[in-house]
Amino acid sequence: MALDGCGLLCKYMLLIFNLIFALVGFVFLGLGLWLRFSDSTRAIFEFEALDSSTFVIAVTILITTGSVMLIVVVFGDYGACNEKRCALQIFSALVTILGITVVVLGVMNNSRLDEIGLRMGEFYSSIYVLYVANSDPVLAVTLTFIQKLLHCCGATGITSLDFAKETCPKPDTIWEHIKMDACPGVIINVFNDKAPLVMGLFVGTGVLLVVALVCSIVLLTKIKREQQEITARYTTVY
């Protein structure tokens, strides 16, 4: 079906949006499944007393979020590539639900940043302890990513004595060869002292979802119009 310039632009923007969503979804789902079923972490989920622990909750959120994102991607890609209205309608509905969820979570998180910071610090500490005990390569990659992102080192920050110093980022100054910021404290400070940054993450995600929703609606309108024109020409001819 031939689309005009606006329709093609929206189609390609949806494909880019779904590519980003797919990459993030695969990372979340893959990491969550590994943390859930890895030999080094599986035992944590076998104790009922730990069902409400920060680690278990975080892993469950990773798996759920990754699964939902990939479901959205399936409908979005199928609808955009094949110009299927039904798939695009489902995609639009899912994106709307996600957008509302992001707004609600953003408001809730803004009023509970202290608690969330502590929870995220506990999640990091759980991964750190598990890596020190098992040297799991996936946990090593996770620690390396978090520590490079926040430029911190381990649980103590003492570079030379840290049990996971191989996952720490390269020091920027001479002093950092001896002592860097400890990651649990940095994580808590990010949520406590940089509330606008955290809120900006939710706002940015919301804007991305709104753009995807608008493009989906525009593409739906264009496809419907094209189908009506084809039907009208067919009726006139026959």
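If you're wondering where the values come from, they're calculated on a predicted model, not measured in any experiment. Along the sequence shown, residues are numbered consecutively beginning with 1.
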A.B. asks: Classify the side-chain pair Y128/Q147 by whether it contains a donor and acceptor separated by less than 3.5 Å.
C.D. replies: no
A.B. asks: Is any side-chain N of the basic residue among K11 and E83 closer than 4.0 Å to the acidic one's carboxylate O?
C.D. replies: yes
A.B. asks: Are side-chain heavy atoms of L94 and F75 found at a separation under 4.5 Å?
C.D. replies: yes
A.B. asks: Sorted by first residue and then second, give each side chain to side chain donor-acceptor pair (under 3.5 Å) pair with at least one member in residues 131-143; sequence neighbours left out.
C.D. replies: W34-D136, S38-D136, S40-D136, Y131-E166
A.B. asks: Count I, L, V, M, F, W, Y as connected when their side-chain heavy atoms are under 4.5 Å apart, and connections chain through other members. Are V190 and L105 then in the same cluster?
C.D. replies: yes
A.B. asks: Answer with yes or no whether the side chains of T144 and T167 bring together a donor and an acceptor at under 3.5 Å.
C.D. replies: no
A.B. asks: From I90 CD1 over to K84 NZ, what is the distance, rounded to the nearest 0.5 angstrom?
C.D. replies: 13.0 Å
A.B. asks: List the residues meeting disulfide (SG to SG under 2.5 Å) with C153, not counting sequence neighbours, and say none if there are none.
C.D. replies: C168
A.B. asks: Measuring from L143:CG to I146:CD1, what's the distance to the nearest 0.5 Å?
C.D. replies: 6.0 Å
A.B. asks: Please report the shortest heavy-atom distance between A182 and A155, naming the atom on each side.
C.D. replies: CB-O, 3.4 Å
A.B. asks: Taking the hydrophobic residues Ile, Leu, Val, Met, Phe, Trp and Tyr, and joining any pair whose side-chain heavy atoms are under 4.5 Å apart, which ones share a cluster with V218?
C.D. replies: V210, V214
A.B. asks: Looking at residues at least two apart in the chain, or sitting in another chain, which of them share a disulfide (SG to SG under 2.5 Å) with C183?
C.D. replies: C152
A.B. asks: Would you compute the distance between atom OG of S125 and atom CE of M120 and round it to the nearest 0.5 angstrom?
C.D. replies: 11.0 Å
A.B. asks: Which heavy atom of L29 sits nearest a heavy atom of S67, and at what distance?
C.D. replies: CD1-OG, 3.5 Å
A.B. asks: Which pairs, with at least one residue in residues 73-104 and sequence neighbours excluded, count as a disulfide (SG to SG under 2.5 Å)?
C.D. replies: none
A.B. asks: Going only through I, L, V, M, F, W and Y residues with side-chain contacts under 4.5 Å, is there a path from I16 to V74?
C.D. replies: no
A.B. asks: Partners of V73 by side-chain contact (heavy atoms from CB on, under 4.5 Å), sequence neighbours excluded?
C.D. replies: N18, F21, A22, D77
A.B. asks: Are any side-chain N or O atoms of S126 and backbone N or O atoms of E122, one a donor and one an acceptor, separated by less than 3.5 Å?
C.D. replies: yes
A.B. asks: Any non-hydrogen side-chain atom of T64 less than 4.5 Å from a side-chain atom of F28?
C.D. replies: no
A.B. asks: Heavy atoms, side chains only, cut-off 4.5 Å: are V203 and V102 in contact?
C.D. replies: no
A.B. asks: Where do V59 and G32 come nearest, in terms of heavy atoms and distance?
C.D. replies: CG1-O, 3.4 Å
A.B. asks: What distance do L209 atom CG and I97 atom CD1 have between them, rounded to the nearest 0.5 Å?
C.D. replies: 12.0 Å
A.B. asks: Of all the heavy-atom pairs spanning L15 and A80, show the shortest one and how long it is.
C.D. replies: CD2-CB, 4.1 Å
A.B. asks: Contact between L150 and D181 at the side-chain level, heavy atoms closer than 4.5 Å - yes or no?
C.D. replies: no
A.B. asks: Are R36 and L62 close enough that some pair of their side-chain heavy atoms sits under 4.5 Å apart?
C.D. replies: no
A.B. asks: Among the clusters formed by ILVMFWY side chains lying less than 4.5 Å apart, do F37 and F55 turn up in the same one?
C.D. replies: yes
A.B. asks: For the CG atom of L88 and the CD1 atom of I217, what is their distance to the nearest 0.5 Å?
C.D. replies: 11.0 Å
A.B. asks: Looking at T156 and K179, what are the two nearest heavy atoms and their distance?
C.D. replies: O-NZ, 3.4 Å
A.B. asks: Do the side chains of I116 and Y124 join up, straight or via other hydrophobic residues, at under 4.5 Å, putting them in one cluster?
C.D. replies: yes
A.B. asks: Looking at A212 and F91, what are the two nearest heavy atoms and their distance?
C.D. replies: O-CE2, 4.2 Å
A.B. asks: Which is it for V95 and S216 under the side chain to side chain contact (heavy atoms under 4.5 Å, CB included) test, yes or no, and what are the steps along the way?
C.D. replies: CA-CA 10 Å; V95 169; S216 178; over 6 Å; no
A.B. asks: Does any part of the side chain of I158, heavy atoms only, come nearer than 4.5 Å to the side chain of I178, both counted from C-beta?
C.D. replies: no
A.B. asks: To the nearest 0.5 angstrom, please state how far the CE atom of M13 sits from the CG atom of L8.
C.D. replies: 13.0 Å
A.B. asks: In this structure, would I71 and L208 fall into the same cluster of hydrophobic residues linked by side-chain contacts under 4.5 Å?
C.D. replies: yes
